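Comments concern the structure below.
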2 protein chains.
Amino acid sequence: MPERRPRADATRNREAVLAAADDLFARCASPDEVTMAAVATAAGVGKATLFRGYGDRAGLLRALWQARLGPLWAEVEQGPPPLGPGTPPRQRVAALLDAMLCFKLDHRHLASALESSGAGSPYGTEQYARAHRLLRAELAGLPGQDSDFTAHALLSAVRADLVVHLAAAPDHDREAARTALAELVAAVLGDPVDRRADLTARTADEARP
Amino acid sequence: MPERRPRADATRNREAVLAAADDLFARCASPDEVTMAAVATAAGVGKATLFRGYGDRAGLLRALWQARLGPLWAEVEQGPPPLGPGTPPRQRVAALLDAMLCFKLDHRHLASALESSGAGSPYGTEQYARAHRLLRAELAGLPGQDSDFTAHALLSAVRADLVVHLAAAPDHDREAARTALAELVAAVLGDPVDRRADLTARTADEARP
DNA sequence: AACCTATACGGACCGACAGTCCGTTTTCAA
DNA sequence: TTGAAAACGGACTGTCGGTCCGTATAGGTT
């Protein structure tokens, strides 16, 4: 079997569809006002081409997400610290969550499209499973609670629709959000340094009668 | 204006619809195989009666959720400790989250129906706003991080689809889940007792070269 | 009991959208 | 050049949420 490579027009159209979809999701307020027909038209392509290329709506969303997430994930898997492997667990977990928050802030439209109209719940997607496995593995090297549940809980703090909700607030501030998340992570991990300082200060305040 | 009360058949039908919907959601695997027509038929009622009574699908879901959640919410607002008011913040937050976890475990089908096919994201519903306000208020009385974000993060740890996902695992154990959540809450709140003990142990381990 | 009307009922109907089918066009290797 | 595999596109279908409107009924009035 000579293993033909795909035809030129096919790959060209794949690209066009992804670009068109990205653009439309960015432009529209709600993900589900972006119909498959609209994507097809915007990409200058027939509807069947969408479905042939991606199976269904959820497939298109997943592919688009995958394409955008690719670089970040590569950095996580084989990049330098603090995202890459070989980083001490505490720092890597913090870096991972910070990166996810930033990524989702930068790709809100896609993120919410994926979660809401995408494929029901994010749990059960391969993406989620990978992120969860990684996080759980890092947490397992740390003292403290049930690493499986903790990984879920940390990931849930950067879920797309929560991020979208936070970012939609009139007084939203990216850096403040990152700080708040970092503090949460530190608290959950029981960061020895911050926690000790924090404890000390609080004790000093409260102990004074 | 004499403020007529609704006709007897109207209220009877309202009940019937709620009961039928609850039953159907419990019986079906995925929430969106429960069509409005099916609910109408199961309730022995015309489709228009559903829409007249609840506006749209999301409205029906919300009403159903509200009806089931009512008792719990009443307990939170005016019941005895630890759920009711007057409880010390740490304990009340823990009790609230535990209660939410249990409630969602007991009403998985409804919970996931509400979140997935319901009305897109839970943020923006009055229900969520109330829970968030309450939690934030309790957290504000505690030292530590940004109480607004922390409230969101804690609530996200008991989101319906996460709970459903956890409960679907073959080795799921209700008590273990409650414990894991309680530990998470303690960590996030920086529970002074547990935390200090924990710190001591860990420091002793790590400090030794 | 007969009557009257606001209120509610129900199922035929509509528009929209995800997903499919099939005749036509394009690529590309021989 | 040619022919067949690969890809295309838009008309078509099935389903579902939601509406419309003629009909039935509750329940107050006489």
Side-chain angles (χ1 to χ4, degrees), chain A residues 1-21 24-25 27-65 113-120, chain B residues 1-21 24-25 27-65 113-120:
Chain A
M1 45 196 71
E3 187 68 34
R4 272 168 141 77
R5 39 178 258 260
R7 265 168 53 170
D9 52 349
T11 51
R12 196 178 346 111
N13 281 336
R14 253 188 104 78
E15 246 343 282
V17 165
L18 246 41
L24 280 182
F25 280 116
R27 208 184 300 289
C28 294
S30 164
D32 48 34
E33 17 185 281
V34 178
T35 71
M36 293 299 269
V39 173
T41 304
V45 143
K47 268 183 67 176
T49 298
L50 261 66
F51 287 94
R52 212 174 306 114
Y54 300 99
D56 59 8
R57 185 187 171 85
L60 172 59
L61 267 305
R62 273 196 304 270
L64 188 47
W65 183 251
L114 190 68
E115 276 208 7
S116 84
S117 75
Chain B
M1 43 197 76
E3 186 69 35
R4 270 168 144 77
R5 38 177 258 259
R7 264 168 52 171
D9 52 349
T11 51
R12 194 177 349 108
N13 281 336
R14 255 189 102 76
E15 245 346 279
V17 165
L18 246 40
L24 281 182
F25 281 116
R27 207 184 301 290
C28 294
S30 163
D32 48 34
E33 21 184 278
V34 178
T35 72
M36 293 299 269
V39 173
T41 304
V45 143
K47 265 182 68 176
T49 298
L50 262 65
F51 287 94
R52 212 175 304 115
Y54 299 99
D56 59 8
R57 185 186 171 85
L60 172 60
L61 269 303
R62 272 196 304 271
L64 189 47
W65 182 251
L114 190 67
E115 274 206 10
S116 83
S117 74

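Keep in mind that the numbers below use all heavy atoms, side chains included, and drop hydrogens, waters and symmetry copies. As the structure is a prediction and not an experimental result, all values here were calculated from the model. Within every chain, numbering begins at 1; the chains are lettered A, B, ... in the order of the sequence lines, protein sequences first and strands thereafter.
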Please evaluate the base of C/dG19 for a donor-acceptor partner in the side chain of A/R52 within a cut-off of under 3.5 Å? no
Exercise: identify the closest heavy-atom pair between B/L114 and B/R62: CD1-N, 3.9 Å
Residues 38-45 of chain A, side-chain donor-acceptor partners within the protein, below 3.5 Å, at least two apart:
| unit_1 | atom_1 | unit_2 | atom_2 | d |
| --- | --- | --- | --- | --- |
| A/T41 | OG1 | A/A37 | O | 2.9 |

Protein-nucleotides 22-25 of chain D N/O pairs closer than 3.5 Å?
| unit_1 | atom_1 | unit_2 | atom_2 | d |
| --- | --- | --- | --- | --- |
| D/dT25 | O2 | B/R7 | NH1 | 3.1 |

Result for 5'-nearest mapping on DNA chain C, choosing between B/V45 and A/G55, is B/V45
Rounded to whole Å, OH of A/Y54 lies from C1' of D/dA7 at a distance of 14 Å
With a cut-off of 6.0 Å (strictly less than), are more than 12 heavy atoms of other residues, nucleotides or ligands near CD of B/E15? no
Please tabulate the protein-to-nucleotide N/O contacts below 3.5 Å involving nucleotides 16-18 of chain C, giving atom names and distances.
| unit_1 | atom_1 | unit_2 | atom_2 | d |
| --- | --- | --- | --- | --- |
| C/dA18 | OP1 | A/R57 | NH1 | 3.2 |
| C/dA18 | OP2 | A/M36 | N | 3.1 |
| C/dA18 | N7 | A/K47 | NZ | 3.4 |

May I ask you to verify if any side-chain N or O of B/N13 is less than 4.0 angstrom from the OP1 or OP2 atom of C/dA8? no
Measure the CZ-CZ distance between B/R14 and B/R52 for me, rounded to the nearest 0.5 Å. 12.0 Å
Nearest to the side chain of A/A10, heavy atoms from C-beta on, is which of C/dC9, D/dC8, C/dG10? D/dC8
Look up atom OH in B/Y54 and atom OG1 in B/T49, then write down how far apart they are to the nearest 0.5 Å. 10.5 Å
In whole angstrom, give the distance that lies between atom CG of A/L50 and atom P of D/dA7. 15 Å
Over all heavy atoms of both residues, which pair between A/L50 and A/M36 is shortest? Give the atoms and the distance, please. CD2-O, 3.3 Å
When B/A8 and B/A48 are each assigned the nearest nucleotide of DNA chain D, the 5'-most assignment goes to B/A48
Shortest non-hydrogen contact between B/T11 and B/A8, atoms and distance: OG1-O, 2.9 Å
